Amino acid sequence: MSTTTVQPTDGFVIDDSAPRWQMSPLTKRRWANFKANKRGYFSLWAISIMMVLSFFAEFIANDKPLIMGYNGSLYVPVLVSYPETEFGGVFETEARYTSHAVQDLIDAGDGWMIWPLIPFSYDTIDLYTEGAVPEAPSARHWLGTDDVGRDVTARIIYGFRLSILFGLALTFFSSIIGIAIGATQGYFGGLVDLIGQRLVEIWAGLPVLFLIIILTSMIEPNPYVLLGLLLLFNWMSLVAVVRAEFLRTRNFDYVNAARALGETDSVIIVKYVLPNAMVATLTFLPFLLNGSITTLTSLDFLGFGLPAGYPSLGELLAQGKANIQAPWLGLSGFFTLAIMLTLLVFVGEAVRDAFDPRRSAT
C-alpha cells in the first residue's frame with residue numbers, strides 16, 4: 001500500500017503522488033483573490049509585457065541593423081561590433097550604419113540590411129532631420145525628437161527599462177535592510193527596540209532630498225552610486241511595518257514552544273516569525289517600487305540624478321519644461337510615467353486584496 005507524505009511549506013505542499021507540486025488552499029485563495037481584482041490582474045499582465053519588451057530594447061530601437069549581408073557574408077551588428085574597414089571603409093572604429101557613406105559602401109558590396117522597428121537608439125543624434133530640433137512627431141520620429149535630435153520613442157523605451165530595473169534593485173535591497181532592522185527591533189524588544197527606534201527616528205528626520213542633492217553635487221553619480229545613496233534612506237519605510245508584525249507575533253504560543261525546544265533566535269526569526277511579517281511586507285512592496293521610480297525621476301528632473309546621456313524619464317520631463325514650444329516632450333514623459341505608476345498601483349491594490357484574510361474571491 002503506497003503512502004503519501006505531506007509537508008507544509010510556504011504556501012505549497014509536497015505530495016508524493018502526481019502532480020509533484022500543488023498549491024496549498026491558502027495560496028489558491030490568495031491567487032483567486034488577486035485574480036478577482038480585474039484591474040490589478042490585467043495591470044500585472046500589461047506591466048509584465050511592457051517590461052519584457054523593454055528588456056529587448058536593443059532589438060526594437062537601435063541605430064544598428066539586426067542582421068545584414070555583405071559580399072555573401074552574414075553580419076549581426078546588433079550583437080557584434082564591426083569596424084568600418086570590414087566594409088571597405090577607411091576608419092578602424094565601429095561602422096556608423098546610419099551614415100550615407102557607410103550605406104553606400106554596403107550597397108557597393110551587394111549588401112542588404114534589416115533594421116529594427118525604430119532605427120534609432122536612445123543616444124542616436126539624427127543628423128538628417130528635416131527641420132530644427134526639437135522636431136515634431138512624424139513618420140520618421142513617432143514622438144518627435146528632443147532638443148539635440150534624439151528620438152523620443154527610443155529614449156522612452158530605454159528610460160522605461162532603466163527606471164524599472166533601478167526601482168526593482170532599490171526596492172529589493174531596501175527591503176533586505178528594512179526587514180532586518182525591523183525584525184531585530186521587534187523580536188528582541190526592550191532596550192534593543194528603544195535604542196533602535198530612536199536611531200531610526202533621528203535618521204528619518206534628516207532632510208533626505210537636500211542631503212542627496214548635496215552628495216550628488218559633490219560626486220559624479222552613475223546608476224550604482226545613485227543606488228547606494230538612495231539606499232541610505234529608502235529602507236526606513238519598511239521598518240515600522242516589520243517591527244509591528246514582530247512585536248505582535250514574538251510571544252505567540254508556537255514561538256514560545258520553539259524557544260522551549262532550544263531553537264536559536266535566528267532560526268525562530270527566519271522560520272517562525274518572518275513568514276507572518278512577510279504578508280504585510282509584500283502588500284507594501286509595489287508602493288515602495290513606485291516611490292523608488294518617482295525618486296529617481298525627481299532627481300533626474302532637478303538635474304541631480306543620472307549623468308547626461310542616460311535615457312532618463314526625468315530628463316525628458318525637464319526638456320519638456322525647457323521647451324514649451326515642443327509639447328510632445330513633456331506629454332510623452334508625463335503619460336509614460338502616469339501609465340507605469342498607475343499600473344503598479346493597481347497591482348499593489350490587487351496584492352493587498354490577495355493577502356487580506358477578510359476577503360474571499362467571488
Side-chain angles (χ1 to χ4, degrees), residues 52-166 220-225 300 305-313 315-316 318-319 323 326 328-329 332:
V52 171
L53 290 176
S54 70
F55 292 156
F56 294 93
E58 285 79 8
F59 296 90
I60 300 174
N62 208 326
D63 57 1
K64 302 174 184 177
L66 297 175
I67 189 172
M68 59 171 287
Y70 177 76
N71 283 338
S73 300
L74 286 178
Y75 298 86
V76 190
V78 71
L79 299 176
V80 182
S81 298
Y82 301 105
E84 187 179 307
T85 53
E86 182 77 19
F87 311 110
V90 296
F91 297 107
E92 295 184 358
T93 56
E94 185 177 6
R96 189 162 61 88
Y97 300 95
T98 56
S99 169
H100 292 332
V102 173
Q103 293 178 4
D104 290 340
L105 290 173
I106 295 174
D107 290 338
D110 294 328
W112 50 269
M113 293 184 288
I114 298 179
W115 287 89
L117 184 64
I118 302 171
F120 303 98
S121 186
Y122 69 90
D123 57 351
T124 304
I125 298 177
D126 189 1
L127 302 178
Y128 308 104
T129 56
E130 296 179 356
V133 295
E135 190 177 38
S138 62
R140 181 176 177 83
H141 298 285
W142 299 349
L143 295 177
T145 67
D146 61 11
D147 55 10
V148 294
R150 296 172 298 192
D151 187 79
V152 173
T153 308
R155 290 188 67 79
I156 285 178
I157 295 173
Y158 284 88
F160 177 88
R161 180 176 67 179
L162 178 61
S163 298
I164 286 291
L165 291 178
F166 187 93
E220 183 179 354
N222 56 51
Y224 303 104
V225 173
D300 289 337
L306 297 172
Y310 276 86
S312 165
L313 297 179
E315 189 260 350
L316 183 60
Q319 287 207 25
N323 298 276
W328 57 88
L329 294 176
S332 298

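Each residue takes its place number in the sequence, starting with 1. All values reported here derive from a predicted model rather than from experimental measurement.
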May I have the list of side-chain donor-acceptor pairs in residues 134-141 shorter than 3.5 Å, sequence neighbours left out?
unit_1	atom_1	unit_2	atom_2	d
Glu135	OE2	Glu130	N	3.1
Ser138	OG	Arg140	N	3.4
Ser138	OG	His141	N	3.3
Arg140	NE	Asp126	OD2	2.8
Arg140	NH2	Asp126	OD1	3.0
Arg140	NH2	Asp126	OD2	3.3
His141	ND1	Asp151	OD1	2.7
His141	NE2	Asp126	OD2	2.6

Name every donor-acceptor pair, under 3.5 Å, that has one atom in a side chain of residues 110-124 and the other anywhere in the protein, sequence neighbours excluded.
unit_1	atom_1	unit_2	atom_2	d
Thr124	OG1	Asp63	OD2	2.9
Thr124	OG1	Ser121	N	2.9

Scan the side chains in residues 96-106 for donor-acceptor partners under 3.5 Å anywhere in the protein, sequence neighbours excluded, and list what turns up.
unit_1	atom_1	unit_2	atom_2	d
Ser99	OG	Ala101	N	3.3
Gln103	NE2	Tyr97	O	3.0

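A donor-acceptor pair is defined here as one N or O able to donate and one able to accept, closer than 3.5 Å; no such pair exists between the side chain of Tyr75 and the backbone of Leu66. Under a 3.5 Å cut-off, the side chain of Tyr310 and the backbone N or O of Pro223 do not form any donor-acceptor pair. Proximity of a side-chain donor or acceptor of Asn323 to a complementary backbone N or O of Ala326 within less than 3.5 Å is not detected. A donor-acceptor contact shorter than 3.5 Å links the side chain of Gln319 to the backbone of Asp147.
Scanning all heavy atoms of the two residues, the minimum distance from Pro311 to Arg155 falls at CA-NH2, 3.7 Å. Here the closest non-hydrogen pair linking Val152 and Thr145 is CG2-C, 3.6 Å. Closest non-hydrogen pair, Ser81 versus Glu94, comes out as OG-OE2, 3.5 Å.
Residue Tyr128 qualifies as enclosed at atom OH: its count of foreign heavy atoms under 6.0 Å is above 12. In this structure, Phe56 places its CZ atom where only 12 or fewer heavy-atom neighbours from other residues, nucleotides or ligands lie under 6.0 Å away.
In this structure, the side chain to side chain contact (heavy atoms under 4.5 Å, CB included) partners of Asp300, at least two apart in sequence or on a different chain, are Leu296, Leu306, Ser312. With sequence neighbours excluded, the residues satisfying salt bridge (charged side-chain N to carboxylate O under 4.0 Å, His left out) with Glu58 are Arg161. Under the ring pair (Phe, Tyr, Trp, His ring centres under 6.0 Å) criterion, Tyr70 pairs with Phe87, sequence neighbours left out. By the ring pair (Phe, Tyr, Trp, His ring centres under 6.0 Å) test, Phe59 is found to be paired with no residue, residues two or more places apart in sequence or in another chain being considered.
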* Working for side-chain contact (heavy atoms from CB on, under 4.5 Å), residues Phe160 and Leu53 -> CA-CA 10 Å; Phe160 177 88; Leu53 290 176; over 6 Å; no
* **Derivation of the side-chain contact (heavy atoms from CB on, under 4.5 Å) call for Leu143 and Ile156** => CA-CA 10 Å; Leu143 295 177; Ile156 285 178; 3.7 Å; yes
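Put simply, the side chain of Asp146 does not reach to within 4.5 Å of the side chain of Val133, judged on heavy atoms. In this structure, Pro77 and Met68 have side chains that are in contact, with non-hydrogen atoms separated by less than 4.5 Å. A heavy-atom distance below 4.5 Å is found between the side chains of Thr153 and Trp142. You'll find the side chain of Ile157 reaches within 4.5 Å of the side chain of Ile60, heavy atoms only.
Atom-to-atom distance recorded for Lys64:NZ and Tyr82:OH is 11.0 Å, nearest 0.5 angstrom. Atom OG of Ser332 sits about 6.5 Å away from atom CG of Leu316, to the nearest 0.5 Å.
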